[in-house]
Amino acid sequence: ATVEFSEMSQMHLFLELLIASDPDVAECTEWDADAMGLTYKSQIWRVKNRFGKPLNGAWADCLVNFAIRSANLPPHICEVQLVHNKTLLTRTNMGAHKQYRKHRSALELLESTGYVVTEEMSTTHEASDH
């Protein structure tokens, strides 16, 4: 799922609440999940902060993989993409997503033929030099 925020502070609050609900890392935040009435627990598996190092085309987001755990139910696996609404606007309304799809498709074709795709190729449009 994609969750869109108009302020980075809102995104920060979302992440704080998610952290508070994970018993393994809850001590990293001042928030108390029980005091807030959160009845579920989460287990955060992976966070990709692509605000610090944007993908090709300057796409920036935060991708979080986690499981939601509730009593007597199996865990529900989730992936959430946290984006700023202005970044999403650029991607959807100004053609940036179409360019990104073309670039990713080219990289996947190279990978499928055994070509080693470097970090530089993944983050720039200079793949034709290799």
Trainee: Who else is in the cluster with L63 when I, L, V, M, F, W and Y are joined by side-chain contacts under 4.5 Å?
Mentor: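 Once heavy-atom contacts under 4.5 Å are chained together, L63 still belongs with nothing else.
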Trainee: To the closest 0.5 Å, what do you measure between NZ (K48) and CG (D61)?
Mentor: 9.5 Å
Trainee: Measuring from atom SG of C78 to atom CD1 of I44, what distance do you get when rounded to the nearest 0.5 angstrom?
Mentor: 11.5 Å
Trainee: Find the distance between CG (L13) and CG (L18) and round it off to the nearest 0.5 Å.
Mentor: 11.0 Å
Trainee: Could you measure the distance from the CD atom of Q81 to the CZ atom of R50? Nearest 0.5 Å is fine.
Mentor: 6.5 Å
Trainee: Sequence neighbours excluded, which residues qualify as side chain to side chain contact (heavy atoms under 4.5 Å, CB included) partners of P23?
Mentor: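 If we apply the side chain to side chain contact (heavy atoms under 4.5 Å, CB included) test to P23, skipping adjacent residues, the hits are K41.
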Trainee: Are the side chains of L73 and I68 in contact, using a 4.5 Å heavy-atom criterion?
Mentor: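 The answer is no, as the side chains (C-beta and beyond) never meet within the 4.5 Å cut-off.
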Trainee: Who are the side chain to side chain contact (heavy atoms under 4.5 Å, CB included) partners of V80, not counting sequence neighbours?
Mentor: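 Per chain and number, V80 pairs via side chain to side chain contact (heavy atoms under 4.5 Å, CB included) with V3, F14, F66, L82.
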Trainee: Are there over 12 heavy-atom neighbours, none belonging to E30, within less than 6.0 Å of that residue's CD?
Mentor: no
Trainee: What residues join W45 in its hydrophobic cluster, counting side-chain heavy atom gaps under 4.5 Å, either direct or through other members?
Mentor: I77
Trainee: If the condition is side chain to side chain contact (heavy atoms under 4.5 Å, CB included), which residues does T113 pass it with, not counting sequence neighbours?
Mentor: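 With sequence neighbours excluded, T113 shows a side chain to side chain contact (heavy atoms under 4.5 Å, CB included) to Y115, given in chain and number order.
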Trainee: To the nearest 0.5 angstrom, please state how far the OG atom of S21 sits from the CG atom of D32.
Mentor: 11.5 Å
Trainee: Using the side chain to side chain contact (heavy atoms under 4.5 Å, CB included) criterion, which residues pair with T29? Sequence neighbours excluded.
Mentor: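 For T29 the side chain to side chain contact (heavy atoms under 4.5 Å, CB included) partners, ignoring immediate neighbours, are E16, I19, A20, W31.
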Trainee: Do C62 and V47 come close enough that some side-chain heavy atom pair is under 4.5 Å?
Mentor: yes
Trainee: Report yes if some heavy atom in the side chain of E4 is under 4.5 Å from a heavy atom in the side chain of Q10; otherwise report no.
Mentor: no
Trainee: Any donor and acceptor pair, going by atom type alone, linking the side chain of H84 with main-chain N or O of S6 inside 3.5 Å?
Mentor: yes
Trainee: Check the pair H76 / Y40 against side-chain contact (heavy atoms from CB on, under 4.5 Å), numbers first and verdict last.
Mentor: CA-CA 11 Å; H76 181 78; Y40 66 90; over 6 Å; no
Trainee: Measure the spacing between SG of C28 and CG of L15 and express it to the nearest 0.5 Å.
Mentor: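 Separation between the atoms: 12.5 Å.
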